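To keep things clear, I will list the structure first and then write my remarks on it.
Here the structure is a predicted model, which is why all the values come from computation and not from measurement. Naming: A, B, ... by sequence-line order, numbering from 1 per chain.
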Protein chains: 2
Amino acid sequence: MPSGMTDEDKKRQLDSRDIKPTAMRELVLDVLSRQTAAIGLPELEAHFEKADRTTLYRTLKTFEEKKLIHKIVDGTGTVKYALCSETCECEPDDLHVHFLCEKCGKTYCLYDIPVPTINLPHGFKLEGVNMVINGICASCRK
Amino acid sequence: MPSGMTDEDKKRQLDSRDIKPTAMRELVLDVLSRQTAAIGLPELEAHFEKADRTTLYRTLKTFEEKKLIHKIVDGTGTVKYALCSETCECEPDDLHVHFLCEKCGKTYCLYDIPVPTINLPHGFKLEGVNMVINGICASCRK
DNA sequence: GTAACTTTGCAACCCGGTTGCACTTCCTTT
DNA sequence: AAAGGAAGTGCAACCGGGTTGCAAAGTTAC
Ligand SMILES: [Mn+2]
Ligand SMILES: [Mn+2]
Ligand SMILES: [Zn+2]
Ligand SMILES: [Zn+2]
């Protein structure tokens with residue numbers, strides 16, 4: 001999800017997910033689209049001089065509800081978020097694996113590694129999966 | 001991991017993991033061994049009249065370091081723990097899948113569902129996996 | 001019995017997340 | 001254009017799980 005994205009692109013992206021494109025939201029989407037790793041609320045906050053934590057919090061919440069971004073619980077204590085792919089509906093079939101680097105602390109979407117199918121015991125109903133691998137990332141190993 | 005466990009059993013279990021068997025630790029192990037679902041610090045606290053949060057916290061920490069229990073991050077905001085199987089060394093091969101029920105909030109170890117093998121991109125080193133499925137559990141569906 | 005080490009208890013703190021409420025902005029209706 | 005309502009924003013206060021520092025109590029080694 002790289003950055004070459006005009007303001008118009010962003011408006012359209014928000015629009016396609018039924019999110020009213022306010023100034024704040026465009027700024028947040030801009031930050032999100034520049035990330036190579038997932039980002040949490042505290043880190044997002046640090047990208048702004050004067051923005052309020054609550055607003056950012058609620059922006060992320062809206063984005064998540066509208067499936068513009070997805071949540072990643074990596075066990076670091078901060079919930080992280082990353083952009084969904086264009087077609088993602090956050091259904092079990094859309095899900096991919098995540099990777100948390102113990103060294104740099106970054107959490108990556110492995111967009112092209114789908115979460116493996118699991119056969120649950122009888123009677124269990126699957127709604128979602130959070131799969132996070134931890135280890136050392138490629139950059140930190142070099 | 002049901003309960004039929006004598007005090008001697010517990011001492012032996014602690015001993016086998018190189019944990020000095022204090023009174024507190026035996027009590028905590030006792031509670032842990034009675035659970036059918038993973039348990040977090042706040043819930044563990046509630047099982048005791050007068051025990052201190054810090055002590056329980058550190059007991060869990062010790063237990064985890066010594067691989068008597070393993071941690072489960074299920075995204076509820078509370079880290080949960082469950083007993084490891086006798087032979088578990090918490091290596092990638094020992095890991096199993098977990099299930100969080102949206103309805104009752106309980107988190108279960110699916111001890112006999114191993115975490116599937118993942119082929120990471122080149123350069124990534126895998127050290128562990130946290131795989132949590134969420135949905136509705138068998139009892140809540142009935 | 002004394003010294004060294006470990007465990008426990010209490011208090012205080014940290015930090016991410018969340019809520020209530022007032023103010024502003026935007027949009028619709030007249 | 002004015003009025004009214006809905007949606008978004010900012011601030012402050014709060015919550016809860018987790019964590020640390022430090023002193024007291026218990027254990028072990030000599
Ligand atoms: Mn992702
Ligand atoms: Mn487990
Ligand atoms: Zn790294
Ligand atoms: Zn349930």
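- Linking Ile, Leu, Val, Met, Phe, Trp and Tyr whenever their side-chain heavy atoms come within less than 4.5 Å leaves A:Leu95 and B:Val132 in two separate clusters.
- When the local axes at the two ends of the helix from C:dG1-D:dC30 to C:dT30-D:dA1 are compared, using 5 base pairs at each end, they differ in direction by 20° after rounding to 10°.
- Looking at B:Lys11, B:Lys10, B:Arg12 one by one, the single match for salt bridge (charged side-chain N to carboxylate O under 4.0 Å, His left out) with B:Glu26 turns out to be B:Lys11.
- A donor-acceptor contact closer than 3.5 angstrom is absent between the side chains of A:Glu127 and B:Asn134.
- Distance, B:Glu45 CD to C:dG9 P: 12 Å, rounded to whole Å.
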Per-nucleotide protein contact string for nucleotides 7-19 of chain D, where B marks a base within reach and S marks sugar-phosphate only (heavy atoms under 4.0 Å, - for neither): SSBBBBB---SBB
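- Cluster annotation: A:Ile133 is connected to B:Ile133 through the hydrophobic network of ILVMFWY side chains, with a link wherever side-chain heavy atoms come within less than 4.5 Å.
- Across A:Leu56 and A:Glu45, no two heavy atoms sit closer than the pair CD1-CA, 3.7 Å.
- The aromatic rings of A:Tyr111 and A:His96 lie tilted to each other, with the angle between the two planes from 30° to 60°.
- For B:Phe99 and A:Phe124, the ring centers are positioned less than 6.0 Å apart.
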Test side chain to side chain contact (heavy atoms under 4.5 Å, CB included) on B:Leu41 and B:Val79 and set out the steps. CA-CA 8 Å; B:Leu41 180 52; B:Val79 175; over 6 Å; no
